[in-house]
Amino acid sequence: MAWNFFSLSPLTTKYRKVTTSEIPTCLVLKGVKYICSSSAIYLEHFINRDRSVNSDSFYASLIDNSTHKRHLDQIHSRLLVSGLQHNGFLMTKLVNGSSNLAQICYARKLFDGFCFPDVFMWNAIIRSYSRNNMFRDTIDMYRWMRLTGVHPDGFTFPYVLKACTELLDFGLSCLIHGQIIRYGFGSDVFVQNGLVALYAKCGRVSVAKVVFDGLYHRTIVSWTSIISGYAQNGESMEALRMFSQMRNADVKPDWIALVSILRAYTDVDDLEQGRSLHGCIIKIGLEDEPDLLISLTALYAKCGMVMVARSFFDQMKTPNLIMWNAMISGYAKNGHAEEAVHLFRDMISRNIKPDSVTVRSAVLASAHLGSLKLAQWMDDYVSNSNFGSCIFVNTALIDMYAKCGSVESARMVFDRNSDKDVVMWSAMIMGYGLHGQGWEAINLYTTMKQASVFPNDVTFVGLLNACNHSGLVKEGWKLFHSMKDFEIEPRNEHYSCVVDLLGRAGYLGQACAFIMKMPIEPGVSVWGALLSACKIHRCVTLGEYAAKKLFSLDPYNTGHYVQLSNLYASSRLWDRVAHIRVLMRERGLNKDLGYSVIEINGKLQAFHVGDMSHPMANEIFNELQILERRLKEMGFVPHTESVLHDLNYEEKEENLSFHSERIAVAYGLISTAPGTTLRITKNLRACVNCHSAIKLISKLVEREIIVRDANRFHHFKDGLCSCRDYW
DNA sequence: GTAGGGTTAG
């Protein structure tokens, strides 16, 4: 093929060579390939001399090859000069060309200047808005189109449906669905696939299924739409059932379908099936598909195999943003918060721009770590970034501050957001609950309703939790019963809160009767709440009943065995304590090792029970002994029942004072200036003995000590705890 | 000129 390196200079009619500094576009006309520069429009003079060239196809090629708005400007002016401004084909091409260059205003100007748009022209402008994520405008244009009497066609609806999907407007979707049927596209597979995806994304997957079932001919897109629909709505098992139906129908999955199926396996933690699908992917030869690598990363990370996940991440030479997000959130959500933060910092130092998903995951990881210093760093980072007004990120910040011990900072983030949704309100309510500020939570709920924000199921989990942590039995009971006013079906979480609330307050009989009347099968959390109430009130028979339920529902959770053993120990039933120990050994379970983390000068230091490994161990134990002596002088009597095993008295006492939280306190005291607040995070729930001891210590040393246990926060000050001994 | 996916707040 001949290459003609030329274009016409705008100033002369002579040809000139294209200089290398000009980036040319290609143009193929009648088998001759031309390179045209920005002044390529002047080729027209040449072409016009050659009458055999059709001007429509010439301009069409020119538009297709335009890489800059200035090209379109030139072409448009030529069309005007040549009287071609009413040529629907060319003007539609021009609109499409503009939208491809994200010149949506320009596209609209062209459209408005066109007197009698046909369906092609309408589709072009509707497509422009949809492709540029301007979904309200997409719908507006569609409405206007119908008003002018132009009938939409099979190309119109996919764009309109895409807009409905993004707007999550169920009412609008139904309306459009009606119009699709009226205009006769009830069996157009493209349009129907759009409907399946739309209903699924609106959370109406059963409606999506009806549309899917009505499809006469199903393409891989139809199957992917319904499978991902189930997966996105938390119905992974149904998604996987559809996948096997798809295989029975002999439809071969492509990589997009595989991504959806992997997601379903990820959601149900099915590593075995996920692995076998991974094998299939390798067999088909799709293992290097970047988007499948991302899904595999998410799968292995979710199933705890972060090293494998990391190997996929490392395999990608230049991971895209979603891969970074998958890896960071994989770390953050699966017990590797430190790695998550590390990777996030790595990303920033490499000048890769995070998005709101990345930042949210990093904030989530910081919440897990519990370091207030890191929390403040994250907050600063967000304030200096573009995410300062992002509701997702700010909600995560509120949750993070609450979990890092500063409910005041959480409130500051909350207050600086003017646009709050129910999730943000719920996060703040949850935060108050975590810190035992029950009334603040309830008052905030009242303010929320005044602001016309409707509560959802999570709001109530937060509220009931707050009531629990503050012993607000009546208020909690009332709130629970008000759920039906908002048509919210209580879940196991809500029921367990109520059981907790009644049980702790000593209404064990009522708690039991409440469980019996539950309309759903009581889950682990419900029986767990009953058992822990039985432990507090030393009710052995009922506790044994609850424990039996727990052992059958959740046999490998060590916590239940420890709870029951503690219940026996508190009732001095040592032979039964021993029996539990045997049971645990038989089932291969070990008591979770308690550890506490304290942050000194931004550095986290962990201690486990009786930890002697620290270089300052001698000083720490010296301090522990001083504290112990002073506690005794104040008349402190250790609660020996907090020990799981049947030990003799002295041993028990020693064991207690070497609990990890006590060691962390001692280390904190000798490592910080007088008056400094100590912040400690414990992996298990606070033990009764340490709780009483730390209360007194806070008074003795005149320090505020904040301890986050597995359930909530304890603010120790002046000999008292914010939980008022209610936890 | 049409449609499907992956990371995703409490």
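To find a chain, count down the sequence lines: A is the first, B the second, and so on, and within it residues start at 1.
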Asker: Measure from the side chain of A/Ala298, starting at C-beta and using heavy atoms only, and say which of B/dA3, B/dA9, B/dT7 lies closest.
Answerer: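 Per side-chain heavy atoms of A/Ala298, the pick is B/dT7.
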Asker: Given B/dG10, B/dT8, B/dA3, which nucleotide is nearest the side-chain atoms of A/Pro158?
Answerer: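 It is B/dA3.
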Asker: Indicate, yes or no, whether a donor-acceptor pair under 3.5 Å links the base of B/dG4 to the side chain of A/Thr224.
Answerer: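 Yes, the side chain and the base share a sub-3.5 Å donor-acceptor pair.
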Asker: Thinking salt bridges, do A/Arg416 and A/Asp379 make one under a 4.0 Å N-O criterion?
Answerer: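 A/Asp379 and A/Arg416: salt-bridged.
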Asker: Give a yes or no on whether a salt bridge exists between A/Glu408 and A/Arg411, defined as a side-chain N under 4.0 angstrom from a carboxylate O.
Answerer: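 No salt bridge links A/Glu408 with A/Arg411.
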Asker: Quick check: A/Phe157 with A/His177 (ring centres under 6.0 Å apart)?
Answerer: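 No, too far apart.
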Asker: Without decimals, in angstroms, what is the distance between A/Glu166 CD and B/dG5 C1'?
Answerer: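 For the pair A/Glu166 CD and B/dG5 C1', the rounded distance is 13 Å.
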Asker: Select one nucleotide: of B/dG4, B/dT8, B/dT2, the one nearest the side-chain heavy atoms of A/Phe190.
Answerer: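 Among B/dG4, B/dT8, B/dT2, the one nearest the side chain of A/Phe190 is B/dT2.
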Asker: In whole angstroms, how far is the C1' atom of B/dG5 from the CG atom of A/Leu286?
Answerer: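 It works out to 13 Å between those atoms.
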Asker: Round to a whole Å and report the spacing from CD1 of A/Ile126 to C1' of B/dA3.
Answerer: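 In whole Å, B/dA3 C1' and A/Ile126 CD1 are 16 Å from each other.
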Asker: Once you round it to whole Å, what is the distance between C1' of B/dG6 and CG of A/Leu258?
Answerer: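 Going from CG in A/Leu258 over to C1' in B/dG6 covers 12 Å.
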Asker: Can you tell me which nucleotide in B/dT7, B/dG10, B/dG5 comes closest to the side chain of A/Ser426?
Answerer: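 Of B/dT7, B/dG10, B/dG5, B/dG10 is nearest to the side chain of A/Ser426.
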Asker: Base, sugar-phosphate alone, or nothing: which one does A/Gly194 contact when heavy atoms must sit under 4.0 Å apart?
Answerer: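 The answer is nothing, as A/Gly194 stays clear of every strand by at least 4.0 Å.
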Asker: Could you check whether A/Trp223 and the base of B/dG4 form a stacked pair, meaning centres closer than 5.5 Å and planes differing by less than 30°?
Answerer: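 No, the aromatic ring of A/Trp223 does not stack with the base.
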Asker: Under 4.0 Å, heavy atoms only, any strand: does A/Asp421 hit a base, just the sugar-phosphate, or nothing?
Answerer: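 Base contact.
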Asker: Under the side-chain contact (heavy atoms from CB on, under 4.5 Å) test, which residues partner A/Asp457, sequence neighbours left out?
Answerer: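 side-chain contact (heavy atoms from CB on, under 4.5 Å) list for A/Asp457, sorted by chain: A/Ile488, A/Arg491, A/His494.
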Asker: Looking at B/dG4, B/dT8, B/dT2, which one has an atom nearest to any side-chain atom of A/Val357?
Answerer: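 Taking heavy atoms from C-beta onward, the closest nucleotide is B/dT8.
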Asker: Among B/dG1, B/dT7, B/dG6, which nucleotide has an atom closest to any side-chain atom of A/Gln232?
Answerer: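 Among B/dG1, B/dT7, B/dG6, the one nearest the side chain of A/Gln232 is B/dG6.
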Asker: Mind calculating the distance between CD1 (A/Ile322) and C1' (B/dT7) to the nearest angstrom?
Answerer: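 Nearest whole value for this atom pair: 6 Å.
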Asker: Hey, does A/Trp255 reach any base, or is it just sugar-phosphate, or nothing, if we go heavy atoms under 4.0 Å?
Answerer: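 Counting heavy atoms under 4.0 Å across all strands, the contact made by A/Trp255 includes a base.
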Asker: Please confirm whether the shortest side-chain N or O distance from A/Arg263 to OP1 or OP2 of B/dT7 is below 4.0 Å.
Answerer: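 So the side-chain polar atoms of A/Arg263 do come within 4.0 Å of the phosphate oxygens OP1 or OP2 of B/dT7, strictly under.
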Asker: Could you go through A/Asp153 and A/Thr156, starting from their C-alpha distance and side-chain angles, then the distance that decides it, and tell me whether this counts as side-chain hydrogen bond (donor to acceptor under 3.5 Å, both in side chains)?
Answerer: CA-CA 5 Å; A/Asp153 67 6; A/Thr156 318; 3.0 Å; yes
Asker: Reckon A/Asp188 touches a base, only the sugar-phosphate, or nothing at all at heavy-atom distances under 4.0 Å?
Answerer: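 Here A/Asp188 touches no strand at all.
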Asker: Describe the nucleic acid contact of A/Asp399 in one word from base, sugar-phosphate, nothing, applying a heavy-atom distance below 4.0 Å.
Answerer: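 Sugar-phosphate only.
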Asker: Quick one: does A/Asn325 reach the base of B/dG6 with a side-chain donor-acceptor pair under 3.5 Å?
Answerer: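 When only heavy-atom distances are counted, A/Asn325 does not reach the base of B/dG6 through any donor-acceptor pair under 3.5 Å.
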Asker: Would you say a side-chain N or O of A/Lys201 is under 4.0 Å from OP1 or OP2 of B/dG4?
Answerer: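 So the side chain of A/Lys201 is outside the cut-off, no N or O lying under 4.0 Å from OP1 or OP2 of B/dG4.
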Asker: Would you mind classifying the nucleic acid contact of A/Lys420 as base, sugar-phosphate or nothing, using non-hydrogen atoms under 4.0 angstrom?
Answerer: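 No contact at all - A/Lys420 keeps every heavy atom at 4.0 Å or more from the nucleic acid.
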Asker: Measuring from the side chain of A/Ser225 (C-beta onward, heavy atoms only), which nucleotide among B/dG4, B/dG5, B/dG6 has the closest atom?
Answerer: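 Out of B/dG4, B/dG5, B/dG6, the nucleotide with an atom closest to A/Ser225's side chain is B/dG4.
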Asker: Please give, in whole Å, the distance from B/dT7 P to A/Asn334 CG?
Answerer: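 It is 13 Å, rounded to the nearest whole Å.
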Asker: Does some side-chain heavy atom of A/Phe344 sit less than 4.5 Å from a side-chain heavy atom of A/Tyr331?
Answerer: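 Answer no - side chains too far apart.
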Asker: Name the nucleic acid region contacted by A/Phe120, choosing base, sugar-phosphate or nothing; use a 4.0 angstrom heavy-atom cut-off, strictly under.
Answerer: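 Base contact.
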Asker: For A/Lys403, which contact category applies under a 4.0 Å heavy-atom criterion: base, sugar-phosphate, or nothing?
Answerer: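 The residue A/Lys403 makes no contact with any strand.
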Asker: Roughly how many Å is it from CD1 in A/Ile294 to P in B/dG5, rounded to a whole number?
Answerer: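 A/Ile294 atom CD1 is separated from B/dG5 atom P by 15 Å.
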Asker: Base, sugar-phosphate or nothing for A/Ala396? Non-hydrogen atoms, less than 4.0 Å.
Answerer: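 No contact at all - A/Ala396 keeps every heavy atom at 4.0 Å or more from the nucleic acid.
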Asker: Once you round to the nearest 0.5 Å, how far does CG of A/Leu343 lie from CZ of A/Arg310?
Answerer: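 Interatomic distance, A/Leu343 CG to A/Arg310 CZ, rounded to 0.5 Å: 5.0 Å.
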Asker: Let's see if you can work this out: which of B/dG1, B/dT7, B/dG5 has an atom nearest to the side-chain heavy atoms of A/Asp291?
Answerer: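 Between B/dG1, B/dT7, B/dG5, the one nearest the side chain of A/Asp291 would be B/dG5.
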Asker: Does A/Asn320 reach a base, just sugar-phosphate, or nothing at all? Heavy atoms under 4.0 Å.
Answerer: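 Since a base atom lies under 4.0 Å of A/Asn320, the category is base.
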Asker: Among B/dG10, B/dT8, B/dA3, which is the nearest nucleotide to the side chain of A/Arg360?
Answerer: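 Of B/dG10, B/dT8, B/dA3, B/dT8 is nearest to the side chain of A/Arg360.
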Asker: At under 4.0 Å between heavy atoms, what does A/Leu364 touch on the DNA or RNA strands: base, sugar-phosphate, or nothing?
Answerer: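 Sugar-phosphate, backbone atoms only, no base.
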Asker: What nucleotide among B/dT7, B/dG4, B/dG6 has an atom nearest to a side-chain atom of A/Ser329?
Answerer: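 That would be B/dT7.
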Asker: Does a salt bridge link A/Lys93 with A/Asp64, judged by any charged N lying under 4.0 Å from a carboxylate O?
Answerer: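 Yes.
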Asker: Whole angstrom is fine here: how far is it from CG in A/Asp419 over to C1' in B/dA9?
Answerer: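 Atom-to-atom, A/Asp419 to B/dA9, this comes out as 15 Å.
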